[in-house]
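Each remark here refers to the structure printed beneath this line.
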Number of protein chains: 2
Amino acid sequence: MNSQDVILGLLHRAPLSGYEIKQKLEMPLSFFFDASFGTIYPTLAKMEALGYIVKESVVQEGRPNKNVFSLTSEGRAQFEHYLHSPVENDSYRSDFLVRMFFGEYSDDETLADWIRDEIRKAETAAAQLDRMKADWAQGMPASKTLCLDIGIDLNASKAQTLREAFKRLTGSDA
Amino acid sequence: MNSQDVILGLLHRAPLSGYEIKQKLEMPLSFFFDASFGTIYPTLAKMEALGYIVKESVVQEGRPNKNVFSLTSEGRAQFEHYLHSPVENDSYRSDFLVRMFFGEYSDDETLADWIRDEIRKAETAAAQLDRMKADWAQGMPASKTLCLDIGIDLNASKAQTLREAFKRLTGSDA
DNA sequence: CAATGCATGTAAAATGTTACATGATTCT
DNA sequence: AGAATCATGTAACATTTTACATGCATTG
């Protein structure tokens, strides 16, 4: 799975510009996949060259013009191909946990600060996804709701574990 | 945080060869950070050129010789520098969740298969980390135990959420 | 008037993955 | 005999990040 596959998926429903793709890539997708403009625009150019998408310039008033891309049948076939490829393992990368792993080289105050920040981040993310679920979940296919549920539960579970660890480490609440 | 920072951290305790570093990078570190030989060896070469580590050839009998690297004071300073840099956000990347997000383009049987596989993976990871905790947790600094706890809880929570989703989608247990 | 949003792109650098290449020893 | 473990590395490729570059319109 790479940027191309995700963009193909987004264009399946409706044609989009690079800028709009970046917006769709925000929550909840950004919870488990991310891409910057520096990835999106070159990927779109590559996909157009491969014949997976076609560009159409849309003139707008009061705003800059935009280049809207739509899927071709080759693009749709390519997305099918992705869907039939083996599922890659999830990857989780955490600077925070690396620091905890090497915790013996930092002092307890620093560790406590890092944990506190991480609790806030997890709580914020869980709340954000929760709000999103309340707003949008009706009418969503169950598979999409699952993404939100995983996001909410993972963040809540992380915050909970961290709160317990904080108490063990410092003797007080975070 | 990158491969260099993690290698610096590993060499803090004792000198290691590239091969040994790869082994140390297994569970539980691999749960939140990964690196292949194709990353490790070039990184070690770069670090040696920068003066962060020094190489020593160790002759072994019954096995190939190895190049063991130890930290210099510059290397220790560089690790301190990493520890004082801002904590990067965790990143989680999931092919599985991307497929769920685009679930409307797959049939329910396929979705169920993917979920079942993902449950197994999460359960296996949780069990592995649990065993590891039982074996090694005594004597571990609390910060290191936290890494194990997060790994266990995150995987358990994921498996739980997926089991519920599976039931909702298929009407039966996974 | 400054900041933010809308909009598209490029270029350099860093980073990392995968496969290849080699070779001894030990275990089954 | 074949597989696994120990051991080091390179080369090609893929991917991504970061910063730069531009410019109009709207909002505060």
Side-chain angles (χ1 to χ4, degrees), chain A residues 1-8 15-26 29-30 32-50 53-69 78 82 85-86 88-93 95 98, chain B residues 1-8 15-26 29-30 32-50 52-53 55-69 78 82 85-86 88-93 95 98:
Chain A
M1 188 233 353
N2 54 27
S3 305
Q4 179 178 295
D5 298 322
V6 176
I7 291 174
L8 247 15
L16 296 168
S17 69
Y19 195 82
E20 288 164 344
I21 286 170
K22 174 72 178 151
Q23 290 178 321
K24 299 267 174 193
L25 247 28
E26 273 158 30
L29 247 176
S30 72
F32 48 89
F33 181 82
D34 230 324
S36 62
F37 284 124
T39 302
I40 294 169
Y41 286 116
T43 302
L44 285 170
K46 189 185 128 205
M47 289 165 75
E48 195 191 7
L50 288 168
I53 56 178
V54 283
K55 174 159 69 178
E56 198 199 342
S57 273
V58 173
V59 179
Q60 300 183 110
E61 30 179 314
R63 313 177 156 195
N65 299 343
K66 60 181 177 180
N67 300 324
V68 166
F69 296 89
Q78 180 56 36
Y82 154 62
S85 70
E88 282 167 47
N89 287 325
D90 290 10
S91 89
Y92 178 53
R93 191 181 171 128
D95 186 11
V98 165
Chain B
M1 187 237 348
N2 54 26
S3 304
Q4 179 178 295
D5 297 322
V6 176
I7 291 174
L8 247 15
L16 296 167
S17 69
Y19 195 81
E20 288 163 344
I21 286 170
K22 173 72 176 151
Q23 291 178 319
K24 298 267 174 192
L25 246 29
E26 274 158 31
L29 247 177
S30 71
F32 48 90
F33 182 82
D34 229 325
S36 62
F37 285 125
T39 301
I40 294 168
Y41 287 115
T43 302
L44 284 170
K46 189 186 126 204
M47 289 166 74
E48 195 190 8
L50 289 168
Y52 296 157
I53 54 178
K55 174 159 67 179
E56 197 200 344
S57 274
V58 173
V59 179
Q60 300 184 109
E61 32 179 312
R63 312 175 156 197
N65 298 344
K66 60 180 177 181
N67 299 324
V68 165
F69 296 89
Q78 180 56 36
Y82 154 62
S85 70
E88 283 166 47
N89 288 326
D90 290 10
S91 88
Y92 177 54
R93 190 181 172 128
D95 186 12
V98 166

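A note on names: the letters A, B, ... follow the listed sequences, proteins ahead of strands, and every chain is numbered from 1.
Among the atoms of the strands shown, none is found under 4.0 Å from any heavy atom of B:T43.
Ranking C:dT15, D:dG9, D:dT10 by closeness to the B:P42 side chain, first place goes to D:dT10. For B:Q23, the listed nucleotide lying nearest its side chain is D:dC6; candidates were D:dT15, D:dC6, C:dT15. For A:Y41, the listed nucleotide lying nearest its side chain is C:dG9; candidates were D:dT8, C:dG9, D:dC6. In this structure, of D:dG9, C:dT15, C:dA7, it is D:dG9 that holds the atom nearest to the side chain of B:K55. Here the nucleotide nearest the side chain of A:Q60, chosen from D:dG9, C:dA7, D:dT15, is C:dA7.
In this structure, a donor-acceptor pair under 3.5 Å is present between the side chains of B:Y82 and A:D95.
Within the 4.0 Å cut-off from OP1 or OP2 of D:dA7, not a single side-chain nitrogen or oxygen of B:S17 is found. Here A:R93 does not reach the OP1 or OP2 of C:dT15: none of its side-chain N or O atoms lies under 4.0 Å away. The phosphate of C:dC6 has OP1 or OP2 within less than 4.0 Å of a side-chain N or O from A:Y19. Applying the 4.0 Å criterion to OP1 and OP2 of C:dG9, one finds that A:N67 has a side-chain N or O inside that range.
Counting to the nearest Å, the C1' atom of C:dT15 and the CE atom of B:M47 are 15 Å from each other. The separation between B:L44 atom CG and D:dT8 atom P is 9 Å, rounded to whole Å. Atom P of nucleotide D:dT15 and atom CD1 of A:I7 are separated by 12 Å, given to the nearest angstrom. The CG-P distance, from A:N65 to C:dG9, rounds to 11 Å in whole Å. The separation between A:D5 atom CG and D:dA14 atom P is 15 Å, rounded to whole Å. B:N2 places its CG atom 16 Å from the C1' atom of C:dT17, with the value rounded to the nearest Å. Computed from coordinates, the A:K46 NZ to C:dT10 C1' distance equals 17 Å when rounded to whole Å. We find that CG of A:L50 is positioned 12 Å from P of D:dA14, with the value rounded to whole Å.
Looking at heavy atoms from C-beta onward, B:M47 lies out of side-chain contact with B:F69 at the 4.5 angstrom threshold. Two residues are said to be in side-chain contact when any heavy atoms from C-beta on lie closer than 4.5 Å; A:I53 and A:I7 fail this criterion.
Between the CD atom of A:Q4 and the CG atom of A:L44 there is a distance of 10.0 Å, given to the nearest 0.5 Å.
Side-chain N or O atoms of B:K22 include none that pairs as donor or acceptor with a backbone N or O of B:S17 at under 3.5 Å. Using a distance-only test at 3.5 Å, with no hydrogens or angles considered, a donor-acceptor pair links the side chain of B:N2 to the main chain of B:D5. Between the B:N65 side chain and the B:Q60 main chain, a donor and an acceptor come within less than 3.5 Å of each other.
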**Message:** For nucleotides 18-28 of chain D, give me one character per nucleotide, 5' to 3': B if any protein heavy atom sits under 4.0 Å from the base, S if the only such contacts are to the sugar-phosphate, - if neither.
**Reply:** B----B-S---

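Between A:Y92 and B:Y92, the angle of the ring planes goes over 60°, which puts this pair in the perpendicular group of the 30/60° scheme.
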